[in-house]
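Written out below as structure tokens is the structure these notes cover.
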Protein chains: 2
Amino acid sequence: MVVYAGQGDPERTLALLWRTTGEGVKRRGPKPALTVDAILEAAIAVADESGLDGLSMRAVGERLGKTAMALYTYVPTKRELIDLMYDHAHADLIPDLPGGWRQAVETWSLALHERYLRHPWLLQVSHARPVLGPHEQTVLEKLLEVLPDVAVRATVNSLFSLVRGSARTIAEGQGAAADTGTSDQEWWAARSRLMNDLVPDFAERFPRSANMPPAEWDKAAREAFTGGLNLLLDGLENQTGRRDH
Amino acid sequence: MVVYAGQGDPERTLALLWRTTGEGVKRRGPKPALTVDAILEAAIAVADESGLDGLSMRAVGERLGKTAMALYTYVPTKRELIDLMYDHAHADLIPDLPGGWRQAVETWSLALHERYLRHPWLLQVSHARPVLGPHEQTVLEKLLEVLPDVAVRATVNSLFSLVRGSARTIAEGQGAAADTGTSDQEWWAARSRLMNDLVPDFAERFPRSANMPPAEWDKAAREAFTGGLNLLLDGLENQTGRRDH
DNA sequence: TCTTACTCCTTACGGCATAAGCTATTCTTT
DNA sequence: AAAGAATAGCTTATGCCGTAAGGAGTAAGA
């Protein structure tokens with residue numbers, strides 16, 4: 001399932017995202033035993049380990065030695081928690097980008113790609129509408145800084161699609177392997193055998209698909225990513241070149 | 001949340017996908033009151049209306065005048081049901097593709113894009129490993145038939161990423177609008193106002209993001225899609241042209 | 001006719017997010 | 001110092017979910 005982001009109470013969420021909640025102000029009542037950041041880190045740890053499906057308020061609370069309900073003092077709902085996790089996981093993402101725009105865009109894409117692979121659950125958070133958190137905003141801003149001034153929206157959209165799509169393919173392959181305990185080879189072998197029995201005319205009906213063996217998925221997917229990126233940047237260079245190259 | 005596909009009992013799932021279950025054979029016991037296809041259509045109707053989150057076995061059963069448990073006679077688990085829905089929704093998708101490869105790829109992409117928008121929940125089904133159903137396989141095969149023989153894997157991967165990514169953006173915008181009852185304009189206006197209050201220095205910190213207003217999202221996202229597609233195809237033509245053009 | 005295989009129901013279980021309400025804690029005001 | 005107010009974080013409860021278990025009825029084969 002997909003968790004839709006950015007649909008909670010906007011004011012509360014934005015305030016949490018940008019941490020505009022009065023920090024130094026003295027407040028009554030018992031000292032808070034937790035902080036939003038501690039919760040975020042626990043939640044991210046849970047999600048890294050068990051995916052977004054394993055992310056329950058109970059699980060996060062347990063990791064902090066609290067009950068699920070204790071979290072609701074800090075975070076209005078699970079939705080907002082995920083929004084916060086999402087933005088938090090985009091912190092300190094983009095390194096200094098090298099000179100030429102093409103190299104810079106490549107570096108940016110690889111950094112984002114890598115981050116997605118480190119936190120695969122990020123790919124399961126669908127931003128129905130942008131979360132508008134500071135860290136994600138920074139990621140976008142850095143890209144805009146280096147992008148040539150041609151077809152900006154199309155390029156941004158395509159880059160995000162490409163990076164997310166490729167990362168998804170890789171992450172899901174890995175996740176499936178981990179979940180089921182069967183490697184890609186084993187899984188594929190088992191399926192081939194079954195398909196041979198069940199659909200003996202497969203190769204006739206789908207000759208081209210049959211001719212495209214899976215190889216090592218992980219590697220193939222990575223190559224497909226850089227290959228696709230190159231295609232896209234070629235296309236962009238093509239349009240740009242006539243102006244400022 | 002994301003539903004992971006292709007992880008149930010492979011034999012049962014594949015048999016259901018390819019309908020190799022003995023159809024004409026006489027079976028004992030009461031006549032089945034349902035068929036897998038009827039369940040699929042009901043389930044797809046539910047998902048179209050309420051998304052994958054609203055898809056519960058109870059809801060599907062109710063639509064058919066049955067209980068949730070009645071479905072388990074036909075479908076082993078909800079997971080496999082979703083696999084079957086996924087493949088079913090890819091039926092009769094690709095029209096006859098026009099002559100030139102570039103036009104053919106464009107037509108293919110648009111058809112897939114459109115299908116995703118008709119059944120947005122498709123985008124929430126992540127194929128950890130391919131479902132390997134007949135209809136999805138046909139979609140892939142048709143693309144392979146027209147694709148030039150260059151960087152095939154990268155191109156296929158990129159095209160799927162681009163189509164899915166763009167469709168996701170559009171679908172989620174629409175979904176959010178429907179869910180929250182606020183239009184894009186209203187939503188954006190509200191956020192802008194809040195951001196102005198909470199983060200008054202936004203425009204200084206993120207000048208380029210601030211300069212990229214949201215416009216009409218739906219339209220912008222569609223243009224970004226065709227624009228990205230053109231970039232990609234330019235890149236591909238660049239590599240192909242030297243050979244067979 | 002009796003057995004067997006099958007459909008489809010009711011019931012039940014454990015897990016989920018979270019609403020409601022309670023208690024204990026700590027600051028502010030008197 | 002005492003009283004009041006606001007807050008943290010607990011327990012409990014509600015209504016969802018997927019689905020396991022088991023039972024009742026039905027139709028084909030022996």
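In what follows, every heavy atom counts, from backbone to side chain, and hydrogens, waters and symmetry copies are set aside.
Distance B:D53 CG to C:dC16 P: 17 Å, rounded to the nearest Å. What separates CG of B:L34 from P of C:dC6 is a distance of 17 Å, to the nearest Å. The distance between atom CD1 of A:I39 and atom P of D:dA8, rounded to the nearest whole Å, is 11 Å. When the C1' atom of D:dA8 is taken as reference, atom NZ of A:K66 falls 9 Å away, rounded to whole Å. Atom pair B:K31:NZ and D:dG25:C1' shows a separation of 15 Å (rounding to whole Å applied). A straight line from CD of A:E62 to P of C:dC16 spans 9 Å, rounded to a whole angstrom. Here the C1' atom of nucleotide C:dC8 and the OH atom of B:Y74 are 8 Å apart, to the nearest Å.
Under a 3.5 Å cut-off, the side chain of A:H90 and the backbone N or O of A:Y86 do form a donor-acceptor pair. Side chain of A:R115 to backbone of A:A91: a donor-acceptor contact under 3.5 angstrom is found.
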Problem set entry | Summary of protein contacts for nucleotides 17-24 of chain C, nucleotide by nucleotide, where a base hit scores B, a sugar-phosphate-only hit scores S (4.0 Å, heavy atoms) | BBBB----
For this session: Take B:E62 and B:R58 through the test salt bridge (Lys or Arg N to Asp or Glu O under 4.0 Å) and record every step on the way to the result.
Result: CA-CA 6 Å; B:E62 205 161 320; B:R58 286 169 172 82; over 6 Å; no
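Taking side-chain N and O atoms only, A:T67 has a distance below 4.0 Å to OP1 or OP2 of D:dC10.
Considering only heavy atoms from C-beta on, B:F160 stays 4.5 Å or farther from A:T169 through its side chain. Contact of the B:P32 side chain with the B:T73 side chain is not registered, since no non-hydrogen atoms from C-beta on lie closer than 4.5 Å. With contacts defined as side-chain heavy-atom distances shorter than 4.5 Å, the pair A:L140/A:V156 qualifies.
For B:H135, the ring pair (Phe, Tyr, Trp, His ring centres under 6.0 Å) criterion is met by no residue, not counting sequence neighbours.
A donor-acceptor contact closer than 3.5 angstrom links the side chains of A:T77 and A:E80.
When the local axes at the two ends of the helix from C:dT1-D:dA30 to C:dT30-D:dA1 are compared, using 5 base pairs at each end, they differ in direction by 10° after rounding to 10°.
From A:R222, atom CZ reaches atom NE2 of A:H113 across 6.5 Å, with rounding to the nearest 0.5 Å.
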